[in-house]
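Order of the sequence lines fixes the chain letters, A, B, ..., with proteins taken first and strands second; residue numbering starts at 1 for each chain. Atom set for the values below is all heavy atoms of this structure, side chains included, hydrogens, waters and symmetry mates excluded.
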Amino acid sequence: KAGVTQTPRYLIKTRGQQVTLSCSPISGHRSVSWYQQTPGQGLQFLFEYFSETQRNKGNFPGRFSGRQFSNSRSEMNVSTLELGDSALYLCASKRQRGTEAFFGQGTRLTVV
Amino acid sequence: TQLLEQSPQFLSIQEGENLTVYCNSSSVFSSLQWYRQEPGEGPVLLVTVVTGGEVKKLKRLTFQFGDARKDSSLHITAAQPGDTGLYLCAGTFQGGSEKLVFGKGTKLTVNP
């Protein structure tokens, strides 16, 4: 079965712009989590959505937001981009009650 | 805040050598997962352990979960260049949400 699909794979944006990233989970998975990965901080949890509701949230500013649609696909949005937002953004899907997370290939965001 | 400590941070060895990487926390894990990540890609799940003292094997990889469920180790026998990558442990914690917390990883390089 198809894995987690993230689009786009690469993105270059200018400071102050906003960006929307997309994630399609594994078929049948209802939980989608987002992570930011940087060399210095490792993987940091952004938020998790389950059945269109945000279930958990990490310690990121309000410029980072997300949503989940009825088909479980999820988007995350970052407004007013800063240079420090440059990172690999990873999406992971989980089964309804499982804890095993399956990751997409990520979106590499570069802010210039 | 639950933290995971991984050691060593970097490891460079020759093909054929054995190695062990460690993952520790001061809190009790509900479950713990090991992932391997290659540059520019998302983490790939290797194993999940949930029972204290559990040992799981995946070809040349042996995973152990501590009796108290506060630590885990990954042992690789006769390492090969294809084992090169970033090894990440991640866990959910007792009494917490299902949020997956990651360590910063061990970057393994196996030289031919």
Side-chain angles (χ1 to χ4, degrees), chain A residues 3-11 21 23-26 29-51 53-60 86-110, chain B residues 1-10 21 23-25 27-51 54 56 58 63 65 69 72 85-108:
Chain A
V4 179
T5 304
Q6 290 189 246
T7 56
R9 286 291 312 274
Y10 303 94
L11 207 48
L21 311 182
C23 172
S24 293
I26 293 171
H29 285 200
R30 295 168 62 188
S31 164
V32 173
S33 299
W34 289 90
Y35 293 83
Q36 181 195 66
Q37 186 176 30
T38 58
Q41 298 298 320
L43 269 108
Q44 293 192 290
F45 174 79
L46 281 156
F47 27 66
E48 179 188 7
Y49 286 87
F50 179 80
S51 293
T53 301
Q54 188 178 87
R55 189 158 68 170
N56 286 303
K57 189 176 189 305
N59 297 321
F60 278 80
S86 294
L88 181 66
Y89 289 88
L90 292 160
C91 162
S93 77
K94 297 192 297 186
R95 288 178 288 113
Q96 180 172 350
R97 292 185 181 184
T99 58
E100 293 182 336
F102 297 89
F103 283 83
Q105 291 180 298
T107 294
R108 170 71 63 186
L109 172 65
T110 302
Chain B
T1 303
Q2 292 106 347
L3 295 174
L4 273 76
E5 299 288 336
Q6 282 191 248
S7 62
Q9 190 176 357
F10 299 96
V21 299
C23 176
N24 298 280
S25 175
S27 302
V28 176
F29 292 106
S30 296
S31 69
L32 185 140
Q33 296 158 35
W34 284 94
Y35 292 83
R36 187 173 78 127
Q37 184 180 24
E38 298 190 19
E41 301 292 328
V44 175
L45 179 65
L46 297 174
V47 76
T48 299
V49 287
V50 295
T51 304
E54 188 174 2
K56 285 191 174 180
L58 184 66
F63 304 86
F65 199 21
R69 292 190 290 148
S72 180
L86 179 68
Y87 288 82
L88 295 157
C89 70
T92 55
F93 292 90
Q94 272 193 340
S97 67
E98 284 194 12
K99 184 174 74 172
L100 202 56
V101 179
F102 279 82
K104 291 194 176 182
T106 293
K107 189 169 184 181
L108 171 65

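Looking at A/Gln37, the atoms closer than 4.5 Å to chain B (heavy atoms on both sides) all sit in the side chain, from C-beta outward. For chain B, the nearby parts of A/Leu43 are the backbone and the side chain; heavy atoms of each come within less than 4.5 Å. For chain B, no part of A/Tyr10 is nearby; none of its heavy atoms comes within less than 4.5 Å.
Under a 3.5 Å cut-off, the side chain of B/Lys104 and the backbone N or O of A/Gly40 do form a donor-acceptor pair.
With chain B as the partner, the residue from A/Arg9, A/Glu48, A/Arg55 showing the most heavy-atom pairs under 4.5 Å is A/Arg9. Most heavy-atom pairs under 4.5 Å with chain A: of the set B/Ala90, B/Gly103, B/Gly42, B/Pro43, this distinction falls to B/Pro43.
Rounded to the nearest 0.5 angstrom, B/Phe102 CZ and A/Gln41 CD are separated by 15.0 Å. For the atom pair A/Glu100 CD and B/Gln33 CD, the distance stands at 6.0 Å (nearest 0.5 Å).
Across every non-hydrogen atom of B/Glu41 and A/Leu88, the tightest pair is O-CD2, 4.1 Å.
Within a 6.0 Å radius of CD in B/Gln9, no more than 12 heavy atoms belonging to other residues, nucleotides or ligands are found.
A 4.5 Å side-chain heavy-atom check between A/Phe102 and B/Leu45 finds at least one atom pair inside the cut-off. A/Ser33 has its side chain out of reach of B/Leu100: every pair of non-hydrogen atoms, C-beta onward, lies at least 4.5 Å apart.
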